[in-house]
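Step one of this worksheet: look at the structure below.
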Amino acid sequence: MTATQSPLTVHRFAMRFSSTPRGARLARRMCGHRLDTWGVPYGSDAHDVVSLVAAELCANAVRHGHVAGRDFHLLLTADAATGTVRVEVTDTRGERLPALLSQPPADGEDGRGLLLVAALADRWGCCPRDSGGPGKTVWAECAAPGLISPPPIP
């Protein structure tokens, strides 16, 4: 959030998940539920895009960013004023940075996740972990028309 944004237009969901396939599935489902609650309904193009991007980033955190005994962190923010959703997935493996394969193996089952993220997201990237601890954050931003402003804080 920038200094000019009103905190009343921003939705925020943050949670740690186990660095397992089950944790990645739960994170995807939680993202889908939050998006629907925030005005991006199940089955809409924006919901499908953000859910797929979140699923890929979470799956990559489990597959490529896993460190035994460490969870991954998901932060989902939605700005109703700009109609943008940001997905941030933080793992504890900073030495394994995401890389786009220009040509994934034709017979392989891997190497397409970040290609999907790059194709579907408006912007994406990677940065060091905010807290200064070990790891990295991979993020993506997607347009999501229909976001509703959160209710005012009493």
How far apart are the closest heavy atoms of [X] and [Y], and which atoms are they?
| X | Y | answer |
| --- | --- | --- |
| L57 | V138 | CD2-CG1, 3.6 Å |
| G39 | P41 | O-CD, 3.3 Å |
| C142 | V49 | SG-CG1, 4.1 Å |
| L76 | V87 | CD1-CG2, 3.7 Å |
| G65 | D91 | CA-OD2, 3.5 Å |
| A46 | A143 | CB-O, 4.0 Å |

Identify all side-chain donor-acceptor contacts of residues 21-36 below 3.5 Å with residues at least two apart in sequence or on another chain.
unit_1, atom_1, unit_2, atom_2, d
D36, OD1, Y42, N, 3.3

Heavy atoms from other residues, nucleotides or ligands near CZ of R70 exceed 12 (cutoff 6.0 Å):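 Not buried by this count: 12 neighbours or fewer within 6.0 Å.
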Partners passing side chain to side chain donor-acceptor pair (under 3.5 Å) against [X] (at least two apart in sequence or in another chain):
| X | value |
| --- | --- |
| R123 | E141 |
| T92 | none |
| R16 | D71 |
| T37 | none |

Side-chain donor/acceptor of S51 to backbone N/O of H47, under 3.5 Å: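 Looks like yes, one N/O pair under 3.5 Å.
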Validation row: V50, V40 side chains within 4.5 angstrom (heavy atoms):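 Counting from C-beta outward, V50 and V40 never come under 4.5 Å.
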Qualifying ring pair (Phe, Tyr, Trp, His ring centres under 6.0 Å) pairs, either residue in residues 58-86, two or more places apart: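 Of all non-adjacent pairs touching residues 58-86, those that pass ring pair (Phe, Tyr, Trp, His ring centres under 6.0 Å) are F17-F72.
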So, taking the atom named [atom1] in [X] and the one named [atom2] in [Y], what distance separates them when rounded to the nearest 0.5 Å?
| X | Y | atom1 | atom2 | value |
| --- | --- | --- | --- | --- |
| L74 | E88 | CG | CD | 9.0 Å |
| T90 | D130 | OG1 | CG | 7.0 Å |
| T84 | L147 | OG1 | CG | 8.0 Å |
| T137 | L75 | OG1 | CG | 9.0 Å |

Results of ring-ring contact (aromatic ring centres under 6.0 Å, His included) for W139 - residues two or more places apart only: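 By the ring-ring contact (aromatic ring centres under 6.0 Å, His included) rule, W139 matches no residue at all.
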Shared hydrophobic cluster for V67 and V89 (ILVMFWY, side-chain gaps under 4.5 Å):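 Cluster IDs for V67 and V89 differ.
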Sequence neighbours excluded - salt bridge (Lys or Arg N to Asp or Glu O under 4.0 Å) pairs with any residue from residues 39-53: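 Listed once each, the pairs would be none.
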